[in-house]
Enquirer: 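Have a look at the structure that comes next, please.
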There are 2 protein chains.
Amino acid sequence: MPELTKTEETPPEEIGTRLRVVRQIYGLTQRELARRAGVTNGAISLIEQNRVSPSISSLKKILDGIPLSLADFFTLNFSPSDNVFFTAAELTEISFGNNISYRMVGRRVAERGLQMLHETYQPGADTGEAMLRHAGEECGVIVAGCLAVTVGSHEKTLYPGDAYYFRSDIPHRFRNPGETPCVLVSANSPPSF
Amino acid sequence: MPELTKTEETPPEEIGTRLRVVRQIYGLTQRELARRAGVTNGAISLIEQNRVSPSISSLKKILDGIPLSLADFFTLNFSPSDNVFFTAAELTEISFGNNISYRMVGRRVAERGLQMLHETYQPGADTGEAMLRHAGEECGVIVAGCLAVTVGSHEKTLYPGDAYYFRSDIPHRFRNPGETPCVLVSANSPPSF
DNA sequence: GCGAGGCGTCAACTATAATTAACGCTGATA
DNA sequence: TATCAGCGTTAATTATAGTTGACGCCTCGC
């Protein structure tokens with residue numbers, strides 16, 4: 001990532017506006033950028049006025065002239081207590097459906113970007129066929145027992161020490177296929193509930 | 001769950017290829033996605049064959065039908081089989097200083113907003129008097145042994161099932177004061193290294 | 001077998017983006 | 001002052017993306 005990491009200003013919703021901001025950050029004129037990118041200055045002008053929606057091939061050429069990757073271009077969004085310690089006793093156990101329980105680390109605070117659960121799946125426990133989907137990312141490490149994790153069209157059974165990491169809006173499901181309770185520690189970012 | 005139609009392991013450098021992979025991960029047909037997105041199935045077909053380069057407006061409409069942001073579309077790595085599951089053996093152990101080791105969940109952490117470590121502190125292990133400080137938040141659950149955690153001016157010794165949660169820019173320190181190794185699962189958001 | 005409905009693809013057409021070649025504006029220089 | 005060189009914008013043209021309506025290929029159920 002080039003050194004514009006902290007563009008604090010509002011992430012422009014319109015692509016053209018965003019391009020103009022980026023171009024100016026890099027101190028380029030429309031013509032200079034056009035020359036480097038191998039497009040015409042008129043095209044850049046029209047894009048920056050949001051009068052046309054560039055094809056990704058054009059946008060890529062333009063960004064190559066900066067240079068800036070498509071991913072960085074779209075990512076260039078902004079950036080993203082006193083109760084620190086919790087004894088196991090304080091972490092009240094909450095039941096989630098029938099056979100799944102967890103202890104949430106910390107109180108539910110809207111401002112937080114991270115949620116950690118100490119979860120127990122009883123044998124046969126299952127989040128269900130209707131797959132889970134929500135924003136963010138999540139990961140976990142199996143501590144005891146085993147857990148069958150389905151993510152998208154892939155499924156795998158994980159054992160102690162194994163782990164998973166996926167984007168939470170890919171449909172997913174957890175199930176304990178074993179004979180003993182499954183214990184794991186999982187994290188969500190941002191908190192999913 | 002819809003079957004992933006044998007997507008060859010091509011790295012989705014081409015936008016169309018990437019779109020096809022993503023669409024199939026989400027279990028959508030071209031026609032279903034077209035209906036949701038308000039475009040025609042033919043357009044999606046042509047894009048996925050890399051025969052046209054969609055305009056940003058079209059691509060955005062299509063991604064809205066999934067739904068997925070442009071930033072995520074360009075940023076994220078969508079080969080779940082390679083990225084979601086990790087056996088304990090795959091999570092190579094890394095030593096951190098003298099007596100601290102960890103296994104990192106996932107390989108390419110740079111692009112991610114969440115980092116999970118399966119850590120072991122040998123007896124006496126200590127992150128040191130020079131306190132740690134970095135952006136973000138972190139939390140953890142103790143799995144075995146005990147760990148003395150210092151956050152700001154507070155210190156507490158945590159035992160299995162206990163946990164912590166704090167803003168990482170508050171100076172902090174970890175130390176195993178016990179006679180046996182301490183095992184914990186911790187998470188950082190965003191990744192601290 | 002055979003039709004119905006779903007899938008992805010494609011040729012022809014329409015809509016939109018990109019280029020070309022101008023325009024007016026500004027600031028620097030003589 | 002006059003001129004020039006560079007800036008961003010734009011109307012008309014060309015190139016490309018998107019839609020329409022068809023195709024062949026499947027699978028499912030009669």
Side-chain angles (χ1 to χ4, degrees), chain A residues 4 7 9 12-70 73-74 129 152-153 171, chain B residues 1-10 12-70 73-74 78:
Chain A
L4 74 145
T7 53
E9 105 300 333
E13 187 162 315
E14 300 284 353
I15 294 301
T17 311
R18 175 180 291 242
L19 176 60
R20 174 159 295 180
V21 168
V22 171
R23 175 176 61 80
Q24 290 174 342
I25 286 174
Y26 282 87
L28 297 169
T29 65
Q30 288 182 348
R31 284 180 141 92
E32 171 62 15
L33 178 53
R35 197 180 55 69
R36 292 199 201 183
V39 301
T40 60
N41 63 301
I44 294 178
S45 176
L46 293 169
I47 292 166
E48 290 190 354
Q49 296 169 79
N50 297 306
R51 291 177 50 172
V52 301
S53 179
S55 71
I56 64 101
S57 63
S58 300
L59 182 59
K60 178 155 195 327
K61 279 201 287 185
I62 292 167
L63 294 178
D64 284 346
I66 290 182
L68 188 69
S69 74
L70 282 163
F73 179 74
F74 286 105
E129 203 162 344
S153 51
Chain B
M1 196 56 200
E3 203 64 31
L4 195 61
T5 65
K6 190 49 193 139
T7 62
E8 66 279 45
E9 300 294 336
T10 42
E13 261 325 304
E14 298 286 349
I15 294 303
T17 310
R18 173 175 284 247
L19 176 60
R20 174 158 297 181
V21 168
V22 171
R23 175 176 62 79
Q24 290 176 339
I25 285 175
Y26 284 89
L28 297 169
T29 66
Q30 288 181 348
R31 285 180 140 91
E32 170 62 14
L33 178 53
R35 195 180 56 68
R36 293 198 199 184
V39 301
T40 59
N41 63 301
I44 294 178
S45 175
L46 293 171
I47 291 166
E48 290 189 354
Q49 296 170 79
N50 296 306
R51 291 176 51 172
V52 301
S53 179
S55 71
I56 294 298
S57 60
S58 299
L59 183 59
K60 177 152 195 328
K61 277 201 288 186
I62 292 168
L63 294 179
D64 283 348
I66 289 183
L68 189 68
S69 74
L70 283 163
F73 178 75
F74 286 108
F78 290 99

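Just so we're on the same page: letters track the sequence lines, and every chain starts at 1. When reading the values below, keep in mind they use all heavy atoms of this one structure, side chains included, and skip hydrogens, waters and symmetry mates.
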Enquirer: According to side chain to side chain donor-acceptor pair (under 3.5 Å), who are the partners of A:Ser55, at least two apart in sequence or on a separate chain?
Expert: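 A:Ser55 satisfies side chain to side chain donor-acceptor pair (under 3.5 Å) with A:Ser57, A:Ser58 only.
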Enquirer: Would you give me the side-chain donor-acceptor pairs under 3.5 Å for residues 37-45 of chain A, sequence neighbours excluded?
Expert:
from, atom 1, to, atom 2, distance (Å)
A:Thr40, OG1, A:Ala43, N, 3.4
A:Ser45, OG, A:Gln49, NE2, 2.9

Enquirer: For a quick test of reading the model, state the closest non-hydrogen atom pair linking B:Arg23 to B:Leu33 and the distance between them.
Expert: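 Answer, listing the atom of B:Arg23 first, then B:Leu33: CD-CD2, 3.8 Å.
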Enquirer: Distance check needed: D:dT10 C1' versus A:Glu48 CD, whole Å only.
Expert: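 After rounding, the reported distance stands at 15 Å.
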Enquirer: If every non-hydrogen atom of B:Ile66 is compared with every non-hydrogen atom of B:Leu68, which pair is closest and at what distance?
Expert: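 Residues B:Ile66 and B:Leu68, closest heavy atoms: CB-N, 4.0 Å.
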Enquirer: Separation of A:Arg20 atom CZ from D:dC7 atom P, in whole Å?
Expert: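 Value for this atom pair: 14 Å.
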Enquirer: Would you kindly give the CG-to-P distance between A:Asn41 and C:dT20, to the nearest whole Å?
Expert: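 Roughly 10 Å, once rounded to whole Å.
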Enquirer: Measure the CG-CG distance between A:Leu63 and A:Leu19 for me, rounded to the nearest 0.5 Å.
Expert: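 CG of A:Leu19 is found 6.5 Å from CG of A:Leu63.
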Enquirer: Using atom CD of B:Gln30 as one end and atom C1' of C:dT9 as the other, report the distance to the nearest whole Å.
Expert: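 To the nearest whole Å, that distance equals 8 Å.
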Enquirer: Please enumerate all protein N or O atoms sitting under 3.5 Å from an N or O of nucleotides 23-26 of chain C, with distances to 0.1 Å.
Expert:
none

Enquirer: Would you say B:Gln49 reaches C:dG8's phosphate, i.e. side-chain N/O to OP1/OP2 under 4.0 Å?
Expert: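 Indeed not, no polar side-chain atom of B:Gln49 lies that close.
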Enquirer: Using whole Å, what does the distance between atom P of nucleotide D:dG8 and atom CD1 of A:Ile44 come to?
Expert: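 These atoms are roughly 9 Å apart.
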Enquirer: Run the side-chain contact (heavy atoms from CB on, under 4.5 Å) test on A:Phe73 and A:Leu59 for me, step by step, so that the C-alpha distance in whole Å, both residues' side-chain angles and the decisive distance to 0.1 Å come before the verdict.
Expert: CA-CA 10 Å; A:Phe73 179 74; A:Leu59 182 59; 4.2 Å; yes
Enquirer: Kindly give the atom pairs (protein nitrogen or oxygen, nucleotide nitrogen or oxygen) under 3.5 Å for nucleotides 12-18 of chain D.
Expert:
from, atom 1, to, atom 2, distance (Å)
D:dA17, OP1, B:Ser53, N, 3.1
D:dG18, OP1, B:Ser55, N, 3.3
D:dG18, OP1, B:Ser58, OG, 2.5

Enquirer: Can you check the B:Ile56 CD1 to C:dT16 P distance for me, whole Å?
Expert: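 My rounded result for the distance is 17 Å.
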Enquirer: Atom CD1 of B:Ile15 and atom CD1 of A:Ile56: how far apart are they, to the nearest 0.5 Å?
Expert: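 Nearest 0.5 Å value for the CD1-CD1 distance: 4.5 Å.
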Enquirer: When we call it a touch if two heavy atoms are under 4.0 Å apart, what does B:Thr29 touch: a base, just sugar-phosphate, or nothing?
Expert: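 Sugar-phosphate contact only.
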Enquirer: Under the side chain to side chain donor-acceptor pair (under 3.5 Å) test, which residues partner A:Glu32, sequence neighbours left out?
Expert: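 Expected list: A:Arg35, A:Arg36.
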Enquirer: Is there any salt bridge (charged side-chain N to carboxylate O under 4.0 Å, His left out) pair reaching into residues 50-62 of chain B, and which pairs are they, with sequence neighbours excluded?
Expert: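 Applying salt bridge (charged side-chain N to carboxylate O under 4.0 Å, His left out) to every pair that reaches into residues 50-62 of chain B, excluding sequence neighbours, yields B:Lys60-B:Asp64.
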Enquirer: Mind calculating the distance between CZ (B:Arg35) and P (C:dG6) to the nearest angstrom?
Expert: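 After rounding, the reported distance stands at 11 Å.
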Enquirer: Rounded to whole angstrom units, what separation is found between the CD atom of A:Glu32 and the C1' atom of D:dG8?
Expert: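 That distance rounds to 15 Å.
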